[in-house]
Protein chains: 2
Amino acid sequence: MVVVVLSKAGVYGLRAATYLAMQPSDEYVPISNIADDLRISFHFLTKVLQSLTQVNMLKSFRGPKGGVTFARPVAEISVYDVVVAIDTDSMFRECILALPGCSDQSPCPLHADWQQIRKRVRTLFKETSLADMAAQVKTKKLRLSDIGPSMLKS
Amino acid sequence: MVVVVLSKAGVYGLRAATYLAMQPSDEYVPISNIADDLRISFHFLTKVLQSLTQVNMLKSFRGPKGGVTFARPVAEISVYDVVVAIDTDSMFRECILALPGCSDQSPCPLHADWQQIRKRVRTLFKETSLADMAAQVKTKKLRLSDIGPSMLKS
DNA sequence: TTAATTTGAGACCAATTACTCTTAAATAGC
DNA sequence: GCTATTTAAGAGTAATTGGTCTCAAATTAA
């Protein structure tokens, strides 16, 4: 696939990051808890979250009482940060017709329009923090997993 | 991958449809010509275009002097039509967090914002006809293949 | 020190998507 | 009719992505 907004890893990463943003910021949360609550494969989620620890968005701790937690305040981490760490920023750069070198100078027929849309997605992702995401889920009792309105303890 | 705007097949289909829209509407164009000019694999393109003939967007003709041509005026065929025929309309329906059943009643934290963006993409695709695409390429000498400003004969 | 718990790393397998190839069917022209 | 040309259909292969599993390393607590 060529013009991809989010891979499955990206989706899981975003869901998990939002979940984690709902937890007290000072405690490590085991990945198995996140995986269980969100009905995501533990092993796969582990791999996904490793790409977030590798860019120092998360810090991790091994052993009993270990887990992962954010390395900085969730109000300062955007959806964009999470998505780019997992899926790269290609969606925010690439031509919709996948023409190499498509640009203002040498555009494809949809260049200008697609650029606008890309920019909107980018802005949405950049302006939405994980704190925003968490607050949405908490206050409006929104969904984060595939099992109906959130069953997560606040 | 989960949130996909266009697959590679979709990209090739759109490029080829635009190319074909630039040709005289009354003659069959061999798929090999399109593939050669756009530097797309002939066999793969053949399969992609078959999904357009199957929905009667293209008509095809076998044998010498055969090829494909549009079944109706290119001004009446939208980018949306092409994309949906090849990649389905899932991009225009699905939740960005891939939550089944995400809806106004039971939304995810990005539901409203993502819905807006989806709608914009949909509108862009619906309001852009293949005639528009072809005209852009012709009048502005835009790119359609990966070999710099279009070398296609007008 | 030993056992239990947790992430890290990477090998491995499965599923999907991208792409290739072969054969058949239709048609044109000789 | 025969040959060349073209699409149709689908089997088959390669590459990428998604997902599983095993083992090592770190840490806690008994």
Side-chain angles (χ1 to χ4, degrees), chain A residues 1-16 20 23 27-36 38-71 83 86-88 90-91 98 146, chain B residues 1-16 20 23 27-36 38-71 83 86-88 90-91 98 146:
Chain A
M1 283 148 163
V2 144
V3 185
V4 174
V5 180
L6 279 184
S7 70
K8 208 142 199 201
V11 165
Y12 289 163
L14 241 193
R15 289 193 202 167
L20 195 56
Q23 312 304 318
E27 55 188 51
Y28 286 94
V29 178
I31 297 175
S32 54
N33 288 11
I34 309 176
D36 287 350
L38 299 186
R39 268 77 183 171
I40 298 172
S41 147
F42 164 70
H43 286 291
F44 191 47
L45 184 58
T46 295
K47 257 191 9 181
V48 170
L49 294 187
Q50 271 170 24
S51 42
L52 299 185
T53 61
Q54 277 156 10
V55 296
N56 298 309
M57 178 183 299
L58 292 178
K59 48 185 179 180
S60 66
F61 202 80
R62 297 185 193 187
K65 303 284 172 187
V68 292
T69 194
F70 284 103
V83 169
I86 297 170
D87 282 339
T88 82
S90 69
M91 153 74 197
D146 52 5
Chain B
M1 283 149 163
V2 142
V3 184
V4 174
V5 180
L6 278 184
S7 69
K8 209 142 198 203
V11 166
Y12 289 164
L14 241 193
R15 289 193 202 167
L20 195 57
Q23 313 304 318
E27 55 189 51
Y28 285 94
V29 178
I31 296 175
S32 54
N33 288 11
I34 308 176
D36 288 350
L38 300 185
R39 268 77 182 169
I40 299 173
S41 146
F42 164 71
H43 287 291
F44 191 48
L45 185 58
T46 295
K47 264 203 348 192
V48 170
L49 294 186
Q50 271 169 24
S51 43
L52 298 185
T53 61
Q54 277 156 9
V55 297
N56 298 308
M57 179 184 300
L58 292 178
K59 49 186 179 178
S60 67
F61 201 81
R62 297 186 191 187
K65 303 285 171 186
V68 293
T69 194
F70 285 103
V83 169
I86 297 170
D87 281 339
T88 81
S90 68
M91 153 74 198
D146 52 4

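To find a chain, count down the sequence lines: A is the first, B the second, and so on, and within it residues start at 1. Predicted model, so just to flag it, every value in this text is computed and none were measured. Computation of the quantities below employed the complete heavy-atom set of this structure, encompassing side-chain atoms and omitting hydrogens, waters and symmetry-equivalent molecules.
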5' precedence on DNA chain C between A/Thr46 and A/Pro64 (nearest-nucleotide basis): A/Pro64
Side-chain N or O of B/Ser60 closer than 4.0 Å to phosphate OP1/OP2 of D/dT6: no
Nearest-angstrom distance from the residue atom OH of B/Tyr12 to C1' of C/dT20: 13 Å
Whole-Å distance separating the CD atom of A/Glu27 from the C1' atom of C/dT6: 16 Å
Rounded distance (Å) that lies between atom P of D/dA9 and atom CD1 of B/Ile31: 12 Å
Trace of the side-chain contact (heavy atoms from CB on, under 4.5 Å) decision for B/Leu58 with B/Leu49: CA-CA 8 Å; B/Leu58 292 178; B/Leu49 294 186; 4.2 Å; yes
Contact check, side chains of A/Val2 and B/Leu6, non-hydrogen atoms, under 4.5 Å: no
Whichever of B/Gly63 and A/Asp87 has its nearest DNA chain D nucleotide further upstream toward 5': B/Gly63
Touch class at under 4.0 angstrom, heavy-atom based, for B/Leu49 against every strand present: nothing
Rounded distance in Å - CG (A/Leu45) to P (C/dA9): 16 Å
Touch class at under 4.0 angstrom, heavy-atom based, for A/Phe61 against every strand present: sugar-phosphate
Under-4.0 Å side-chain N/O to phosphate OP1/OP2 contact, B/Gln54 with D/dA8: no
N/O donor-acceptor pair, side chain A/Lys47 with base D/dG19, under 3.5 angstrom: yes
Any A/Ser41 side-chain N or O less than 4.0 Å from OP1/OP2 of D/dT20: yes
Sugar-phosphate only, base, or nothing, as touched by A/Phe42 at under 4.0 Å among non-hydrogen atoms: base
Whole-Å gap separating P (C/dG8) and NZ (A/Lys59): 14 Å
Spacing of B/Arg62 atom CZ relative to D/dT6 atom C1', expressed in whole Å: 9 Å
Between P of C/dT17 and NZ of A/Lys8, the distance in whole Å: 10 Å
Plane angle bin for B/Tyr28 and B/Phe61 - parallel if under 30°, tilted between 30 and 60°, otherwise perpendicular: tilted
Closest-nucleotide 5' rank along DNA chain C - winner of A/His43 and A/Lys65: A/Lys65
side-chain contact (heavy atoms from CB on, under 4.5 Å) between A/Leu52 and A/Val68, worked out: CA-CA 10 Å; A/Leu52 299 185; A/Val68 292; over 6 Å; no
Interatomic distance where OH belongs to B/Tyr28 and C1' belongs to D/dT7 [whole Å]: 12 Å
Residues forming a side-chain hydrogen bond (donor to acceptor under 3.5 Å, both in side chains) with B/Ser60, sequence neighbours excluded: none
